[in-house]
Each structure stands twice: as C-alpha cells, then as structure tokens.
Amino acid sequence: MINTLVEFIRTAVTDYMDSDDAVPQFSVNIPAREEYGDFSTGVAFSLAPAVKKPPFEIASGISKKMQKGIPGIVSRIDVIKPGYINFFMDNKFWHAGVKDIVEKNTAYGKNNFGQGKRILVEFISANPTGPVHVGHGRGAVVGDVLARVLAVSGYHVTREYYINDAGNQVLSLGYSVLNEYYRLNGIDTEVSRQGEYAGEYIKNISDMLGSHMPQSDINEEHIRLITGFAADVILDTIKQTLLGFGVGFDSWFSEKSLYEDNSIPAVIQELEKKNAVSRSEGATWFLSTLYGDEKDRVLQKQSGELTYFASDIAYHVNKYKRGYDMLVNVWGADHHGYLPRIMAALRALGYDPAKVIVLFVQMVRLMRGDKPVAMSKRAGEYVTLKELVDEVGSDAVRFFFLQRSHESQLVFDIELAKKQSQENPVYYVQYAHARIASIFVYARTKGWDVNGLTYAADYVFGAEEKRLIAQCLLYPQVIMDMAVKMEPHRLTHYLIELVGILHKYYTDTRVVGDDSNTGQRLLLMKMVKIVLKNALDLLGINAPEKM
RNA sequence: GCGCCCGUAGCUCAGUGGAUAGAGCGUCGGACUUCGAAUCCGCAGGUCGUGGGUUCAAAUCCCACCGGGCGCUCCA
C-alpha cells in the first residue's frame with residue numbers, strides 16, 4: 001500500500017525530470033514531528049547534485065507535478081525548508097492501507113527484491129570440537145534471520161553449515177578423548193600427541209567409548225575412528241542446541257568430503273595452471289600476493305598435510321559450481337584477516353568475487369554483573385549457547401543480539417538479562433501481541449465476530465490511529481531495507497517503535513466500546529497483530545496469545 | 001608497526017549526508033471500580049573521542065591523532 005505513495009512520488013519525479021532513468025532510489029518515512037505530515041520524502045536532496053539546484057526549489061517543482069494525482073491518496077502536500085516534501089494523507093488512503101494489510105495477512109511484508117535468485121547463506125560453521133558458545137550464537141541469529149529475511153524478499157535461500165571435520169583440530173579432539181579415556185581407566189600409555197580440549201563433554205564422550213576400545217596397540221586407524229565418533233557426538237549436540245534456538249539448516253557440508261573426492265588437489269592443479277603456485281621450503285604455496293594478498297599462503301605443508309586454506313578454496317569452488325547467484329558467509333570478526341587470501345584464490349581461479357559477501361560478526365563479551373566471564377575454549381571454561389539459552393530464554397537471547405548491529409561488539413550481561421526479565425524489550429513487544437489477543441477474546445464475549453469485521457469507509461481515523469497505520473505501512477520497506485543492506489538488526493527497533501504507539505493508543509482509547517466504531521478499532525488491532533506476528537516470525541521469536 | 005571493527009545520555013546501544021540526535025536499562029515523580037499496569041505519562045541526563053577538511057547541510061564522508069577490541073601461523 002505504501003507503494004501507491006511511492007509510485008505517486010515516482011511519477012511526479014519522472015515528470016519533473018522528464019526521464020524515468022533519472023529517478024534515484026528513495027524512500028518515504030514518518031517525520032519526527034506531527035506538523036510535518038503523515039509521511040515525507042527527501043528525494044529532492046538526492047536529486048540536487050544532478051540537477052544542480054537547491055533542494056527546496058526541486059521539491060517545489062516536484063510538488064507542482066503532483067496536483068493531479070491527489071484525490072484518494074493525499075489531501076495536502078507541503079514543501080518545507082531545506083527540501084522535504086511532506087504528505088498529509090487522505091482518509092481513503094488509511095482505509096485502503098488497513099484493508100491491504102488485513103487481507104494480505106501472513107503474506108504482508110513479502111517483496112520480490114531477490115527475483116528468485118539463488119543465494120547460499122553459510123553461517124556458524126563452528127568446529128565440531130566442542131559445544132557452540134555464545135559468540136557462535138550471535139552468528140547463528142544473524143545468519144538465521146538474514147536467511148529468513150532474504151526468503152521473504154524473493155530469494156531462493158539455502159542455509160548451510162560447513163563442518164570442519166578434517167584436519168588438526170578434530171584430530172586433537174580425538175586425542176583429548178583418548179587421553180581422558182586412559183586417565184579414567186587408569187591406563188598408563190604414552191600417546192604421541194596431546195589433546196588440547198578439556199571439559200565435561202570430553203569426559204562424557206570418553207565414557208561412551210566403553211568396551212569398544214582396544215586396551216592396547218592403538219594405531220592411527222583407531223585414532224581416526226575415535227575422532228570421527230567424537231565429532232559425530234558433538235555435532236549431534238550442536239544440532240540439538242541450534243534446534244532449541246530455532247536455527248535450522250538445509251545442508252550440512254563436510255570438509256572431509258572434499259578430501260574424499262579429491263577436489264582439493266584438483267583445485268591446487270587449477271591454480272598451478274594459472275601459474276599461481278610455487279614450491280619452496282618443502283611446501284606448496286599459493287602466490288596470493290599476485291592477487292592482492294599481503295603475503296603468499298601455504299596450501300600443502302612440509303609434512304604433506306593440506307592446510308585449512310586449501311580445503312576452504314575447494315569448498316568455495318564447490319559453492320560456485322553449485323550455481324548460486326550469491327554466496328553469503330557469516331564469519332566471526334576474528335577471521336577478517338582471512339578474507340583477502342580467499343578472495344585472491346577465487347580471483348585467480350576466475351570466479352566472480354562480487355558474488356561473495358562476507359558479514360563479519362563482532363565479538364560478544366559476556367559479563368556476570370561487573371565480572372567478565374572467562375571464555376577460554378581450550379580450558380573448557382566458557383558459557384555455551386545452550387547454557388545461556390537455558391538461563392535467559394531463546395526469545396530474549398535472540399532479541400538482545402538483534403538489537404545491535406552485527407558490526408558492533410556487544411556486552412551481554414547475564415545478570416542484567418535475567419534481572420530485567422520483567423522489563424526486557426522482548427516482553428515489551430510480546431506483551432503487545434498477547435494484549436491484542438486478549439482484546440479479541442473480550443470482544444468475542446461482547447458478540448463481535450473478529451474474523452468477519454466489515455469496513456466502514458466513512459470512519460475518520462484519529463491522529464494516533466493514523467500513526468499506527470503509518471508505522472504498519474512502513475513494514476515492507478523495513479524488510480526490503482534489511483534484505484538490501486543485509487542488516488538483520490533493524491527489525492527490533494522497528495518493533496519497539498510500533499509497539500510503543502500501540503500501547504499508548506491502548507491506554508488512551510477504549511477499543512471495545514458501546515459505540516458503532518468498535519469494529520473499525522478491532523480492524524486496527526487486527527492489522528497490528530498481523531504485523532507483529534509476521535515480524536516476530538522473521539526474528540524467530542514467539543508471538544504469544546497469552547503471557 | 002600494518003589491517004578490520006568500534007568510540008553517541010550514568011550503563012548497553014540505535015541513528016551513517018539533511019527537520020529540534022533517539023530507545024532500553026538506571027534515578028526521581030505521577031496514572032489501575034472499565035478491553036491485560038509485563039502498560040502509560042512526566043522530570044532529569046549530550047563538547048556525538050579530539051583537531052582539521054569537503055558540502056548549501058556532517059554524529060554520518062575524507063585526513064591526522066587519541067582510546068578500546070580483534071587479527072597479522074606451514075592453527076582452524
């Protein structure tokens with residue numbers, strides 16, 4: 001519905017510019033002050049550099065082109081100081097808006113920005129060497145909500161988890177389990193490599209080894225089996241944790257599979273064909289400096305082992321070969337230094353680097369009151385995502401993470417999150433949904449058929465009601481904005497604002513009354529409830545009927 | 001030293017070219033015989049790290065500096 005206003009403006013701008021490809025990207029927004037109208041646009045500002053006129057003059061010119069389209073949409077147009085065009089909407093517009101939202105219902109907010117393009121979102125991808133921790137949790141929420149937003153924005157989305165089940169880290173896990181097993185069973189054997197992982201979960205896995213374990217003569221095959229077993233167990237608990245956190249995947253991609261189908265040597269060969277490989281000091285190097293990296297990188301070590309980097313190139317090539325239009329990687333910010341080398345490799349191999357978009361998710365610092373929480377993974381002293389979710393609740397954790405830009409570090413105070421459980425913003429939003437549900441229950445007892453309400457076109461909306469509708473009408477634009485900018489945190493702020501307007505309206509206005517306008521107010525509530533439900537669904541947060 | 005991110009109210013953070021810079025928490029004071037007070041209303045609180053520059057217009061863009069986090073492995 002907001003599109004009718006956007007198109008209305010676009011037509012006038014096209015008319016003013018005398019060409020439709022001179023129309024810039026613009027949006028409408030709700031002005032800060034009531035006297036500035038119901039909606040406003042700053043198109044004139046974006047036009048100013050090209051037209052080389054003051055924004056105010058441009059805005060005036062545009063507004064003159066708008067006169068003919070006014071009936072049924074806009075009742076008044078103001079052009080203000082620096083160059084804003086402000087709109088006071090016609091009563092018909094508000095009615096059409098409410099109707100549009102209520103009729104679209106669960107489909108309201110969807111858009112076709114993605115035009116069916118295929119997009120792969122890879123996120124979390126935590127090593128199966130221990131439970132996922134809170135930092136992974138943040139990446140999980142960012143990736144999950146981004147995937148949901150892209151899906152309702154017309155993309156064909158695949159969610160993927162890359163399992164690092166090859167290489168030294170998992171091997172070290174295997175040794176950790178084995179050592180623990182020996183320790184628990186009082187077996188005195190020297191194992192060549194020390195495992196670096198510790199913690200309760202290592203003990204649990206070694207317990208599970210039970211009678212399957214050979215008592216002596218451990219060979220490499222045994223280690224491999226133990227490692228695989230341990231990684232499987234851990235991956236399983238990771239899946240369980242994520243499920244409890246509302247995060248699911250379409251695809252679990254195994255790094256080991258890249259070893260098994262020989263795609264890593266194949267990729268190295270490809271690089272060799274491009275003359276981007278050299279051998280020195282007993283190792284095989286990718287000459288990434290030729291493609292913008294600051295130093296060359298090892299693909300195959302002196303020992304003959306392949307590096308993580310080598311398999312990661314093969315992984316990315318695999319993604320390209322699967323034919324996606326876009327590849328999104330959600331990485332921890334501590335991996336940012338890694339980006340130039342992977343991009344160098346993709347460039348060297350002739351893949352379009354513009355298809356890869358990497359979101360770096362900054363660190364989470366956990367606090368209990370004013371005491372920082374130890375986060376050493378190796379020592380096994382860290383708060384797992386599961387522990388945090390059990391303690392604070394999935395909805396609150398998600399909402400809290402989504403209030404901050406993924407590019408900002410954030411401090412998560414567990415004590416505070418628990419203490420303010422009554423005042424937590426997530427409850428503020430959920431309460432609004434439950435409150436409307438409760439109004440409906442009451443309305444039914446008064447004989448209203450909430451699902452069979454009729455529209456009364458002569459009803460004139462009050463200021464607060466118009467504000468409520470306006471905010472709801474902006475919803476699709478917020479979704480689109482999130483999809484375009486890939487910023488999943490914008491929706492929580494939108495919701496807090498919407499709910500603020502709703503709660504105020506509720507205290508000022510009795511919805512279910514004796515007057516004949518009750519039906520129109522119930523329709524308004526229905527509209528808000530739809531937007532709340534759709535938005536909360538996108539965030540993976542419950543929209544309760546009761547609290 | 002180099003690179004990435006951050007520096008906005010007491011605290012945690014939105015806002016990233018445009019109207020009088022916002023929210024939550026915290027402080028203080030009000031509002032329930034009526035649809036849910038997990039709510040609402042009000043008060044207080046800002047050199048937008050510092051200094052320069054670009055622009056009709058800068059918290060937002062550019063440069064320098066200061067402060068914090070992370071990264072600069074033949075680890076992943």
Side-chain angles (χ1 to χ4, degrees), chain A residues 31-33 35-36 40 42 44-46 48-49 54-56 80-84 86 125-127 129 164 166-170 172 196 255 281-285 294-295 297-312 332-340 360-363 365 367 370 400 403-413 416-417 419-432 434-443 445-446 448 489-490 492-493 496-497 499-500 502-513 518 521-522 525 546-547:
Chain A
R33 308 175 64 176
E35 64 203 75
Y36 292 145
S40 84
F45 295 116
S46 352
F56 184 79
I80 301 289
K81 290 191 274 182
Y84 288 99
N86 297 336
S125 298
N127 291 355
T129 52
N164 301 127
N168 287 325
Q169 300 274 321
V170 264
S172 172
E196 48 186 330
E255 181 187 7
E281 303 162 50
T284 306
W285 299 72
E294 55 186 18
K295 54 177 289 199
R297 309 290 174 177
V298 172
L299 296 167
Q300 188 161 25
K301 308 176 200 173
Q302 275 182 346
S303 62
E305 289 171 297
L306 294 162
T307 59
Y308 172 83
F309 177 48
S311 59
D312 205 26
D334 53 343
H335 287 66
H336 76 260
Y338 185 77
L339 184 62
F360 290 106
V361 179
Q362 291 289 331
M363 319 215 46
R365 245 175 60 231
M367 308 278 283
D370 49 11
F400 202 98
Q403 273 188 101
R404 279 86 174 115
S405 157
H406 62 266
E407 286 188 335
S408 290
Q409 297 168 35
L410 80 84
V411 174
F412 195 115
D413 183 346
L416 190 71
K419 195 170 68 185
Q420 62 180 124
S421 65
Q422 296 292 307
E423 304 289 335
N424 207 304
V426 68
Y427 295 107
Y428 184 65
V429 175
Q430 288 179 319
Y431 180 60
R435 203 174 210 186
I436 295 173
S438 167
I439 293 174
F440 286 171
V441 169
Y442 178 80
T445 68
K446 294 289 173 188
W448 289 93
H489 70 287
R490 313 190 87 90
T492 50
H493 297 276
I496 288 170
E497 214 172 329
V499 161
L502 187 267
H503 284 313
K504 180 166 167 47
Y505 177 72
Y506 178 89
T507 19
D508 293 350
T509 313
R510 183 158 180 100
V511 176
V512 183
T518 294
R521 289 191 294 266
L522 284 172
M525 292 302 102
K546 275 184 196 168
M547 294 174 69

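Chain A is the first sequence line, chain B the second, and so forth, proteins listed ahead of strands; every chain is numbered from 1. Side-chain atoms are counted along with the backbone in the values below, which use heavy atoms only and exclude waters and symmetry mates.
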So does Gly167(A) get a backbone contact from the side chain of Glu305(A), meaning a donor-acceptor N/O pair under 3.5 Å?
no
Under 4.5 Å between any side-chain heavy atoms of Ile496(A) and Gln403(A), yes or no?
yes
Do Gln169(A) and Thr129(A) have side-chain atoms, one donor and one acceptor, less than 3.5 Å apart?
no
Asp413(A) CG to rG24(B) C1', in whole Å, measures 14 Å
Give a yes or no on whether a donor-acceptor pair under 3.5 Å exists between the nucleobase atoms of rA19(B), that is its base, and the side chain of Asn86(A).
yes
To the nearest Å, give me how far apart CZ (Arg297(A)) and P (rA76(B)) are.
13 Å
Each stem that RNA chain B is part of, given as range with range (3 or more consecutive Watson-Crick or G-U pairs, under 3.5 Å)
B:1-7 with B:66-72, B:10-13 with B:22-25, B:28-31 with B:39-42, B:49-53 with B:61-65
Need one value for Pro340(A): base, sugar-phosphate or nothing, where a base atom within 4.0 Å counts as base even if backbone is also close, heavy atoms only.
nothing
List every contact pair, protein side and nucleotides 5-8 of chain B side both N or O, where the distance is under 3.5 Å.
from   : atom 1 : to        : atom 2 : distance (Å)
rC5(B) : O2'    : Gln362(A) : NE2    : 3.4
rC5(B) : O2'    : Glu407(A) : O      : 2.4

Can you tell me if Asn127(A) touches the phosphate of rA76(B), counting only side-chain N or O atoms and a distance under 4.0 Å to OP1 or OP2?
no
Nearest 0.5 Å, please: how far is NE2 in His489(A) from CZ in Arg404(A)?
10.5 Å
Nearest-nucleotide wise, let me know which of Ile496(A) and His503(A) is further upstream toward the 5' end of RNA chain B.
Ile496(A)
Extract from the structure each pairing of a protein N or O with an N or O of nucleotides 1-3 of chain B at less than 3.5 Å, listing the distance.
from   : atom 1 : to        : atom 2 : distance (Å)
rG3(B) : N2     : His336(A) : NE2    : 2.4
rG3(B) : N3     : His336(A) : NE2    : 3.3

Look at the side-chain N and O atoms of Lys81(A) and state whether any lies under 4.0 Å from the OP1 or OP2 oxygen of rG18(B).
no
Could you check which of rU12(B), rC70(B), rA76(B) has an atom nearest any side-chain atom of Glu255(A)?
rA76(B)
C1'-based separation of rG18(B) from rG29(B) [nearest Å]:
37 Å
Which of parallel (below 30°), tilted (30 to 60°) and perpendicular (above 60°) describes Tyr308(A) and Tyr338(A)?
tilted
Side-chain (His503(A)) to main-chain (Gly500(A)) donor-acceptor, under 3.5 angstrom
no
Below 3.5 Å, does any donor atom in the side chain of Tyr428(A) face an acceptor in the base of rA38(B), or the other way round?
no
Qualifying residue, where the test is side-chain contact (heavy atoms from CB on, under 4.5 Å) with Phe400(A) and the options are Leu410(A), Asp413(A), Val426(A):
Leu410(A)
Counting N and O atoms only, with roles assigned by atom type, does the side chain of Arg521(A) sit under 3.5 Å from a partner on the main chain of Arg510(A), one being a donor and the other an acceptor?
yes
Does Ala283(A) reach a base, just sugar-phosphate, or nothing at all? Heavy atoms under 4.0 Å.
base
N/O (side chain, Lys504(A)) to phosphate O (OP1/OP2, rA37(B)) under 4.0 Å
no
Round to the nearest Å and state the distance from Tyr427(A) atom OH to rA23(B) atom P.
23 Å
Work out how far the P atom of rC13(B) is from that of rU8(B), and round it to whole angstrom.
9 Å
Whole-Å gap separating P (rU73(B)) and CD (Glu305(A)):
19 Å
When you measure from the side chain of Thr307(A) to the backbone of Gln300(A), do you find a donor-acceptor pair of N or O atoms at a distance under 3.5 Å?
no
Name the closest nucleotide to the Lys295(A) side chain, picking from rC74(B), rG24(B), rG18(B).
rC74(B)
With P as the reference atom in both, quote the distance from rG42(B) to rC56(B) in angstrom, rounded to an integer.
40 Å
Examine distances only and state if a side-chain atom of Thr518(A) and a backbone atom of Gly513(A) form a donor-acceptor pair shorter than 3.5 Å.
yes
Whole-Å distance between rC75(B) C1' and Leu299(A) CG?
15 Å
Is Tyr84(A) stacked on the base of rA19(B) when the test is centres under 5.5 angstrom and planes under 30 degrees?
yes
Using the P atom on both, measure rA19(B) against rC66(B) and round to a whole Å.
32 Å
Any idea which of rC70(B), rC13(B), rC41(B) is nearest the Asp334(A) side chain?
rC70(B)
Which is true for His335(A) with a 4.0 Å heavy-atom rule: it touches a base, it touches only sugar-phosphate, or it touches nothing?
base
So does Ser40(A) reach the base of rA19(B) with its side chain, donor to acceptor, closer than 3.5 Å?
yes
One should read off an interatomic distance between Phe440(A) CZ and Met525(A) CE, to the nearest 0.5 angstrom, of 7.5 Å
Between rC40(B) and rG1(B) - P atom distance, rounded Å
49 Å
Of all residues at least two apart in sequence or in a different chain, which pass the side-chain hydrogen bond (donor to acceptor under 3.5 Å, both in side chains) check with Lys301(A)?
none
For the P atoms, the ones on rC72(B) and on rC28(B), what distance do you get once it is rounded to whole angstrom?
47 Å
Does Leu410(A) reach a base, just sugar-phosphate, or nothing at all? Heavy atoms under 4.0 Å.
sugar-phosphate
Distance check, C1' atoms only: rC48(B) and rU27(B), in whole angstrom units.
23 Å
Anti or syn - rC32(B), cut at 90° from 0:
syn
Is there any protein nitrogen or oxygen under 3.5 Å from a nitrogen or oxygen in nucleotides 34-36 of chain B, and what are the pairs?
from    : atom 1 : to        : atom 2 : distance (Å)
rU34(B) : O2'    : Arg510(A) : NH1    : 3.2
rU34(B) : O2'    : Arg510(A) : NH2    : 3.4
rC35(B) : O4'    : Arg510(A) : NH2    : 3.1
rC35(B) : O2     : Val512(A) : N      : 2.9
rC35(B) : N3     : Val511(A) : N      : 2.8
rC35(B) : N4     : Tyr506(A) : O      : 2.9
rC35(B) : N4     : Thr509(A) : O      : 2.6
rG36(B) : OP1    : Ser438(A) : OG     : 2.4
rG36(B) : OP2    : Ser438(A) : OG     : 3.2
rG36(B) : O2'    : Tyr431(A) : OH     : 2.3
rG36(B) : O2'    : Arg435(A) : NE     : 2.9
rG36(B) : N7     : Ser438(A) : OG     : 3.0
rG36(B) : O6     : Met547(A) : N      : 3.2

Between Ser405(A) and Glu407(A): side-chain donor-acceptor atoms closer than 3.5 Å
no
Quantified in whole Å, what is the C1' atom distance between nucleotide rC11(B) and nucleotide rA44(B)?
16 Å
Spacing between Glu497(A) atom CD and rG24(B) atom P, to the nearest angstrom:
11 Å
Students often get this wrong, so: under 4.0 angstrom with heavy atoms, is Tyr338(A) touching a base, only sugar-phosphate, or nothing?
base
Consider the side chain of Arg404(A), meaning its heavy atoms from C-beta on, and name the nucleotide among rC40(B), rG18(B), rC13(B) that approaches it most closely.
rC13(B)
So which protein nitrogen or oxygen atoms get under 3.5 Å of nucleotides 27-30 of chain B's nitrogens or oxygens?
none

Between Met363(A) and Val499(A), the residue closer to the 5' end of RNA chain B by nearest nucleotide is Val499(A)
